[in-house]
A.B. asks: 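Take this structure, written in structure tokens, and hold onto it; I'll ask about it next.
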Amino acid sequence: MTNVRFYICAEPEWLDAAKFSVRLGRMLRRKGHRLLYWTPDVDHQTQLNELMWAYPADGFLPHRIDDNDPECGIDICAGTDWAGHHDVLINLTAQIPEPHARFAHLCEVVPGAATLLDNARDRWRHYNDRGHPLKRFETDNI
């Protein structure tokens, strides 16, 4: 059963949530997890790719955006499944990722905009109705 964690960002913009997800990814990689970031499209995939190169200013998080590149433990997809992942899925979209149930952990990173919070509540209900263990965190407290 997938453990689901919602990280609610105080800031309303996707880019702010993406920055938090980079910090979260750095922490999870240090613990030995393999990550698949789920972005809504190629534009968002590109933004996250650029963040991982430059955010924070003194950090670089090794990753790949093409599954033909050498494995490095962090992959960023643009709303399409990459086979071989089963550990951590980090969702940066407003939808339920189709392959979520095969992962040990699902991290829902949610910008604080009212419409996105409403959508996150629907996802919470979906996961709850299916018996997934759920936790919620405010990112300003992390």
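Numbering of residues begins at 1 and proceeds along the displayed sequence.
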A.B. asks: Quick check against the 3.5 Å criterion: does His132 have a side-chain atom that pairs as donor or acceptor with the backbone of Val4?
C.D. replies: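 No, the answer is negative, given that no donor and acceptor are paired below the 3.5 Å cut-off.
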A.B. asks: Can you list the other members of the hydrophobic cluster that holds Trp53, where links are side-chain heavy atoms under 4.5 angstrom apart?
C.D. replies: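 When side chains under 4.5 Å apart are linked, the cluster holding Trp53 also contains Phe60.
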A.B. asks: Taking a hydrophobic cluster as the set of Ile, Leu, Val, Met, Phe, Trp and Tyr residues connected by side-chain heavy atoms closer than 4.5 Å, whether directly or through intermediates, do Leu117 and Trp124 fall within one such cluster?
C.D. replies: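 Linked, Leu117 and Trp124 end up in one cluster.
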A.B. asks: Side-chain heavy atoms under 4.5 angstrom apart, residues restricted to Ile, Leu, Val, Met, Phe, Trp, Tyr: same cluster for Val109 and Ile65?
C.D. replies: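 Yes: a chain of side-chain contacts under 4.5 Å links Val109 to Ile65.
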A.B. asks: Considering only heavy atoms from C-beta outward, does the side chain of His126 approach that of His100 to under 4.5 Å?
C.D. replies: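 They are in contact (side-chain heavy atoms under 4.5 Å apart), so the answer is yes.
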A.B. asks: Okay, side chain of Arg64, backbone of Asp67: is any donor-acceptor separation there less than 3.5 Å?
C.D. replies: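 The answer is yes, because a donor-acceptor pair under 3.5 Å joins these two groups.
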A.B. asks: Using side-chain heavy atoms (C-beta onward) and a distance below 4.5 Å, is Cys77 in contact with Leu36?
C.D. replies: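 Touching, per the 4.5 Å side-chain cut-off.
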A.B. asks: Considering only heavy atoms from C-beta outward, does the side chain of Leu134 approach that of Tyr127 to under 4.5 Å?
C.D. replies: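 The answer is yes, as the side chains (C-beta and beyond) meet within the 4.5 Å cut-off.
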A.B. asks: Is it true that Phe6 and Phe137 have ring centroids separated by less than 6.0 Å?
C.D. replies: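 Aromatic pair excluded; centres sit 6.0 Å or further apart.
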A.B. asks: Evaluate side chain to side chain contact (heavy atoms under 4.5 Å, CB included) for His105 paired with Ile90, printing each intermediate quantity in order.
C.D. replies: CA-CA 8 Å; His105 307 281; Ile90 298 177; over 6 Å; no
A.B. asks: When you measure from the side chain of Asp16 to the backbone of Phe20, do you find a donor-acceptor pair of N or O atoms at a distance under 3.5 Å?
C.D. replies: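 Judged by distance alone, no pair lies under 3.5 Å.
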A.B. asks: Between the side chain of His63 and the main-chain N/O of Leu61, is any donor-acceptor distance below 3.5 Å?
C.D. replies: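 Pair found, side chain donor or acceptor close to backbone of Leu61.
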A.B. asks: Can you check side chain to side chain contact (heavy atoms under 4.5 Å, CB included) on Ile8 and Arg136, steps first, answer last?
C.D. replies: CA-CA 7 Å; Ile8 309 301; Arg136 182 180 190 275; 3.8 Å; yes
A.B. asks: Does some side-chain heavy atom of Trp14 sit less than 4.5 Å from a side-chain heavy atom of Pro40?
C.D. replies: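 SC-SC contact between Pro40 and Trp14 confirmed.
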A.B. asks: Would you call Arg102-Asp87 a salt bridge at under 4.0 Å N-O?
C.D. replies: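 Judged by the 4.0 Å cut-off on N to carboxylate O distance, Arg102 and Asp87 do not form a salt bridge.
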A.B. asks: For residues Leu35 and Val110: do they belong to one hydrophobic cluster (side chain heavy atoms under 4.5 Å, members Ile, Leu, Val, Met, Phe, Trp, Tyr)?
C.D. replies: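 No, Leu35 and Val110 fall in different hydrophobic clusters.
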A.B. asks: When clusters are formed by joining ILVMFWY residues with side-chain heavy atoms under 4.5 Å apart, either directly or through shared neighbours, do Val88 and Ile96 land in the same one?
C.D. replies: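 Hydrophobic grouping puts Val88 apart from Ile96.
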A.B. asks: Quick one: closest heavy-atom pair of Leu89 and Trp38, and the distance?
C.D. replies: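 Closest heavy-atom pair between Leu89 and Trp38: CD1-CB, 3.9 Å.
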A.B. asks: Regarding Arg23 and Tyr55, is there a side-chain donor-to-acceptor distance under 3.5 Å anywhere?
C.D. replies: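 Their side chains do contain a donor-acceptor pair, which is all the 3.5 Å distance test asks for.
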A.B. asks: Below 4.0 angstrom, N of the basic side chain to O of the carboxylate: do Arg34 and Glu71 qualify?
C.D. replies: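 So Arg34 pairs with Glu71 through a salt bridge.
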A.B. asks: Side-chain contact, heavy-atom cut-off 4.5 Å: Glu11 with Pro111?
C.D. replies: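 Of all side-chain heavy-atom pairs linking Pro111 with Glu11, none is under 4.5 Å.
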A.B. asks: Side chain to side chain contact (heavy atoms under 4.5 Å, CB included) for Gln45 and Tyr37? Distances and angles first, verdict last.
C.D. replies: CA-CA 9 Å; Gln45 179 190 40; Tyr37 281 82; over 6 Å; no
A.B. asks: Indicate whether the side chain of His85 and that of Asp75 have a donor and an acceptor atom separated by less than 3.5 Å.
C.D. replies: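 There is such a pair (donor and acceptor under 3.5 Å, judged by atom type) between the side chains of His85 and Asp75.
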A.B. asks: Quick one: does Leu92's side chain get under 4.5 Å of His44's, heavy atoms only?
C.D. replies: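 Heavy-atom side-chain distance check fails, nothing below 4.5 Å.
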A.B. asks: Does Thr2 reach the main-chain N or O of Ala101 with its side chain, forming a donor-acceptor pair under 3.5 Å?
C.D. replies: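 Side chain of Thr2 to backbone of Ala101, a donor-acceptor pair under 3.5 Å: yes, one is there.
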A.B. asks: What I'd like to find out is whether the side chain of Leu51 reaches to under 4.5 Å of the side chain of Lys19, using heavy atoms alone.
C.D. replies: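 They are in contact (side-chain heavy atoms under 4.5 Å apart), so the answer is yes.
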A.B. asks: Applying the 4.5 Å side-chain criterion to the ILVMFWY set and letting contacts propagate, would Tyr7 and Ile74 be lumped into a single cluster?
C.D. replies: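 Per the 4.5 Å side-chain linkage, Tyr7 and Ile74 are co-clustered.
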A.B. asks: Given side chains that start at C-beta, do those of Leu24 and Cys107 come closer than 4.5 Å, heavy atoms only?
C.D. replies: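 With C-beta onward as the side chain, the pair touches.
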A.B. asks: Enumerate the residue pairs fulfilling salt bridge (Lys or Arg N to Asp or Glu O under 4.0 Å) with a member in residues 44-55, sequence neighbours excluded, ordered by first and then second residue.
C.D. replies: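 Those involving residues 44-55 do not exist here.
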A.B. asks: Show your working on side chain to side chain contact (heavy atoms under 4.5 Å, CB included) between Leu106 and Asn3 and close with a plain yes or no.
C.D. replies: CA-CA 6 Å; Leu106 169 60; Asn3 291 301; over 6 Å; no
A.B. asks: Between Arg5 and Glu108, is the closest basic N to carboxylate O distance under 4.0 Å?
C.D. replies: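 A salt bridge is absent here (no side-chain N lies under 4.0 Å from a carboxylate O).
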A.B. asks: Residues two or more places apart in sequence or in another chain: which of them pass ring pair (Phe, Tyr, Trp, His ring centres under 6.0 Å) with His86?
C.D. replies: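 His86 satisfies ring pair (Phe, Tyr, Trp, His ring centres under 6.0 Å) with no residue once adjacent residues are dropped.
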